[in-house]
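Beneath this line is the structure, given in structure tokens, with notes to follow.
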Amino acid sequence: QVDLVESGGGLVQAGGSLRLSCAASGRTLGSYVMGWFRQAPGKEREFVSAISWSGGTTGYADSVKGRFSLSKDNAKNTVYLRMNSLKPGDTAVYYCSAKRGYGLGRRSYEYDYWGQGTQVTVSS
């Protein structure tokens, strides 16, 4: 069992930055691929980014590529999603997730554990 707790969400103006954190307990993150998804009101949950168990490989949705950066600190059992140049379209609840096995999953069903989510609101 892996328990994930997100933090760092909030209200920010367009063009601003936020850093989301996801702290894990129960298992070391070194054994899991970690992902971030987001869900806006009335929309399906969508892939944002993922990072390999070693932290050496990352993947991003086209909509956030070049603006978001995902990193992993296995010693602290925490992943960080740095979000720059935020847009109103980035407004959503952001969820941290973990999956066993290899490969950067981009589908929510590939992930085994989920956090409760943190709200990010970007005002224009």
Side-chain angles (χ1 to χ4, degrees):
Q1 179 67 31
V2 177
D3 294 318
L4 304 173
V5 179
E6 304 96 334
S7 62
L11 174 64
V12 64
Q13 289 188 332
S17 298
L18 283 174
R19 188 182 76 162
L20 305 184
S21 299
C22 174
S25 60
R27 286 285 191 272
T28 173
L29 289 186
S31 303
Y32 293 87
V33 170
M34 301 299 296
W36 283 92
F37 289 75
R38 67 187 183 186
Q39 188 166 18
K43 294 188 177 181
E44 293 188 355
R45 191 169 297 191
E46 65 173 1
F47 171 77
V48 175
S49 182
I51 190 166
S52 63
W53 63 268
S54 68
T57 303
T58 53
Y60 299 92
D62 288 343
S63 58
V64 307
K65 199 173 294 182
R67 299 188 298 122
F68 290 13
S69 178
L70 184 57
S71 61
K72 193 180 190 190
D73 188 335
N74 285 335
K76 294 184 178 179
N77 242 21
T78 302
V79 293
Y80 304 98
L81 181 67
R82 178 69 180 181
M83 306 185 297
N84 296 325
S85 302
L86 283 163
K87 306 174 182 179
D90 294 318
T91 296
V93 177
Y94 282 71
Y95 296 91
C96 177
S97 56
K99 66 180 286 289
R100 294 180 288 260
Y102 298 95
L104 299 182
R106 291 177 175 249
R107 303 288 191 269
S108 59
Y109 64 77
E110 298 180 72
Y111 287 78
D112 304 294
Y113 304 102
W114 293 85
Q116 81 289 350
T118 185
Q119 176 70 47
V120 171
T121 302
V122 184
S123 63
S124 58

To the nearest 0.5 Å, what is the distance between [atom1] ([X]) and [atom2] ([Y])?
| X | Y | atom1 | atom2 | value |
| --- | --- | --- | --- | --- |
| L86 | S123 | CG | OG | 10.0 Å |
| F47 | S63 | CZ | OG | 9.5 Å |
| F68 | N84 | CZ | CG | 8.5 Å |
| W36 | E46 | CH2 | CD | 14.5 Å |
| M34 | S97 | CE | OG | 6.5 Å |
| Y94 | S7 | OH | OG | 15.0 Å |

Between [X] and [Y], which heavy-atom pair has the shortest distance, and what is it?
| X | Y | result |
| --- | --- | --- |
| S124 | A14 | CA-CB, 4.3 Å |
| L4 | A98 | CD1-N, 3.8 Å |
| S52 | G56 | OG-N, 3.2 Å |

Decide whether S108 and E110 meet the rule of one side-chain donor and one side-chain acceptor closer than 3.5 Å.
->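 Distance-only check fails for S108 and E110.
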
Give the intermediate values and the outcome of side-chain contact (heavy atoms from CB on, under 4.5 Å) for residues L20 and M83.
-> CA-CA 8 Å; L20 305 184; M83 306 185 297; 3.7 Å; yes

Using the test side-chain contact (heavy atoms from CB on, under 4.5 Å), find all partners of W53 that sit at least two apart in sequence or belong to another chain.
->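 So W53 forms a side-chain contact (heavy atoms from CB on, under 4.5 Å) with K72, Y102.
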
So does R82 have more than 12 non-hydrogen atoms from other groups sitting under 6.0 Å from CZ?
->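 Yes - once you tally the heavy atoms of other residues, nucleotides and ligands closer than 6.0 Å, there are more than 12.
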
Using side-chain heavy atoms (C-beta onward) and a distance below 4.5 Å, is [X] in contact with [Y]?
| X | Y | result |
| --- | --- | --- |
| C96 | V79 | yes |
| Y113 | Q1 | yes |
| L104 | T57 | yes |
| Q13 | V122 | no |

Report yes or no: does [X] contribute a side-chain atom to a donor-acceptor pair with the main-chain N or O of [Y] at less than 3.5 Å?
| X | Y | result |
| --- | --- | --- |
| D73 | K76 | yes |
| R38 | A92 | no |
| T118 | G9 | yes |
| Q39 | E44 | no |
| S49 | G59 | yes |

Under 4.0 Å between a Lys/Arg side-chain N and an Asp/Glu carboxylate O for D112 and R100?
->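 Result for this pair is yes, salt bridge flagged.
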
If hydrophobic clusters are built by linking Ile, Leu, Val, Met, Phe, Trp and Tyr wherever their side-chain heavy atoms come under 4.5 Å apart, do [X] and [Y] end up in the same one?
| X | Y | answer |
| --- | --- | --- |
| L18 | I51 | yes |
| V93 | V64 | no |
| Y80 | Y32 | no |
| L81 | V12 | yes |

Could you walk me through whether K87 and D90 pass the salt bridge (Lys or Arg N to Asp or Glu O under 4.0 Å) check?
-> CA-CA 5 Å; K87 306 174 182 179; D90 294 318; over 6 Å; no

Cation-pi check, R45 onto Y95 ring (under 6.0 Å, within 45° of axis) =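 Relative to the ring axis of Y95, which defines the angle, R45 lies inside both limits.
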
Apply ring-ring contact (aromatic ring centres under 6.0 Å, His included) to the pair F37 and Y111, showing each step before the final yes or no.
-> CA-CA 10 Å; F37 289 75; Y111 287 78; 5.2 Å; yes

